[in-house]
**Q** 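Mind looking over this structure? Questions follow.
The structure displayed is predicted, hence computed values, not measured ones.
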Amino acid sequence: MSPFSFFNYIVLNPNSFNKTELQQIITHEKIHANQKHTLDVLIGQLACIALWFNPVIWFYNKDLKQNLEFIADFKTQNTFDPKSYQSTLLKTTLAHHQMQFSNNFYNSLIKKRIVMLHKSKSKKVNLLKHTLVLPLLALFLIACSSKEATKPETQEYQTSIRKTASNANDTASNSDPLVYLDGKEVPNNTIKSINPETIEAVNVLKNEKAFEKYGDKGKHGVIEITTKK
């Protein structure tokens, strides 16, 4: 029987391993015990019983057990020489059958476990890369988003203002409308001297609307201009 743990109990045959291998196995199983991995396995098994008809739960339960082994492997390898620990994993190649709700030292695919151990070496480097790259990426996305959100709106607004001001200017060339600048009546030719960039809004009143607001004075139309404060 291969080594396994069940809650705080560790079961192994000391005659099957040398001193170093025993230390590695016991360290591995202690991690399972200290982190209550048996409870995780039991919950996974109960979920399979309750949801036996759902194929997803079986894959999830398999990945759960495998992930628990990855955790114990990673922490154990940090304590011992990595090559020596990986040799211990490779020592047993035959499948061992035992209680399904126990933490089996060899219950995961050996190849996957060793591959994960090699990946874990670059974990800190990758974490540092992500720590540096993600904030820069976030700032870049925010900057692009703000630029795209405000620039077209500003350009469209300025274009609208200039077009309205131009129409108002054409109206002033063809007739003699009233011109109000910021609520005050100004000479008709004042429009030509106003910088469109300073205009916030232009309102052109004609016919009945102009007469209703300004009486007979507005019979030729009224141009209301509001500048930016």
Side-chain angles (χ1 to χ4, degrees), residues 1-52 54-141:
M1 181 177 288
S2 65
F4 69 93
S5 62
F6 183 72
F7 287 104
N8 292 330
Y9 293 93
I10 297 174
V11 180
L12 56 83
N13 182 359
N15 298 322
S16 300
F17 308 96
N18 60 40
K19 183 178 180 181
T20 301
E21 291 169 346
L22 282 173
Q23 289 176 341
Q24 293 172 346
I25 294 171
I26 291 173
T27 300
H28 178 102
E29 298 301 336
K30 278 186 175 180
I31 293 168
H32 283 310
N34 293 335
Q35 295 193 6
K36 305 294 188 295
H37 287 174
T38 301
L39 188 60
D40 296 327
V41 174
L42 282 172
I43 293 173
Q45 292 297 119
L46 290 174
C48 287
I49 294 173
L51 303 172
W52 60 269
N54 188 345
V56 176
I57 195 63
W58 295 98
F59 288 109
Y60 180 84
N61 191 40
K62 178 183 176 182
D63 288 341
L64 170 66
K65 293 178 180 179
Q66 185 171 263
N67 191 56
L68 296 178
E69 293 302 323
F70 291 158
I71 293 172
D73 285 339
F74 176 70
K75 291 182 177 295
T76 305
Q77 182 179 250
N78 289 340
T79 306
F80 299 93
D81 176 66
K83 290 184 179 180
S84 174
Y85 180 68
Q86 291 170 29
S87 296
T88 303
L89 287 179
L90 290 170
K91 185 174 181 178
T92 301
T93 57
L94 297 176
H96 295 267
H97 298 283
Q98 57 192 61
M99 291 185 295
Q100 294 296 311
F101 46 81
S102 65
N103 293 301
N104 185 356
F105 186 70
Y106 296 106
N107 70 349
S108 297
L109 294 176
I110 299 298
K111 182 179 177 180
K112 279 189 177 182
R113 292 170 67 180
I114 292 178
V115 168
M116 287 299 295
L117 286 172
H118 281 284
K119 285 184 177 181
S120 67
K121 293 179 181 179
S122 60
K123 185 177 181 180
K124 292 183 179 179
V125 177
N126 291 332
L127 181 61
L128 179 61
K129 289 180 181 178
H130 291 152
T131 303
L132 294 175
V133 172
L134 290 178
L136 293 176
L137 180 62
L139 289 174
F140 175 76
L141 292 174

**Q** Does the side chain of Glu69 come within less than 4.5 Å of His37's, by heavy atoms?
**A**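 With C-beta onward as the side chain, the pair stays apart.
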**Q** Please find the pair of heavy atoms, one from Glu21 and one from Thr88, that lie closest to each other, and give the distance.
**A** CG-OG1, 3.7 Å
**Q** Is there a side-chain contact between Phe17 and Gln24 in this structure, where contact means two heavy atoms from C-beta onward sitting under 4.5 Å apart?
**A**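 No, every pair of side-chain atoms sits at 4.5 Å or beyond.
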**Q** Return the minimal non-hydrogen interatomic distance between Glu29 and Pro3, and the atom names on each side.
**A** OE2-O, 4.0 Å
**Q** Could you pull out the closest heavy-atom pair between Leu68 and Val41, with the gap in Å?
**A**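 Heavy atoms of Leu68 and Val41 come nearest at CD1-CG2, 3.6 Å.
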**Q** Among residues at least two apart in sequence or on other chains, which ones pass side chain to side chain donor-acceptor pair (under 3.5 Å) with Asn15?
**A**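 Not a single residue meets the side chain to side chain donor-acceptor pair (under 3.5 Å) criterion with Asn15.
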**Q** Looking at Tyr85 and Thr76, what are the two nearest heavy atoms and their distance?
**A** CE1-CG2, 3.4 Å
**Q** Between Ile26 and Ile10, which heavy-atom pair has the shortest distance, and what is it?
**A**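 Taking every non-hydrogen atom into account, O-CD1, 4.1 Å.
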**Q** Can you sort out the partners of Asn8 under side chain to side chain contact (heavy atoms under 4.5 Å, CB included), two or more places apart, ordered by chain and number?
**A** Ala33
**Q** Using the side chain to side chain contact (heavy atoms under 4.5 Å, CB included) criterion, which residues pair with Asp63? Sequence neighbours excluded.
**A** Gln66
**Q** Check whether the side chains of Asn13 and Ser16 place a donor and an acceptor atom closer than 3.5 Å, and report yes or no.
**A**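 A donor-acceptor contact under 3.5 Å links the two side chains.
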**Q** If you compare all heavy atoms of Trp52 against all heavy atoms of Trp58, which two are closest, and at what distance to 0.1 Å?
**A**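 What the structure gives for the nearest pair is O-NE1, 3.0 Å.
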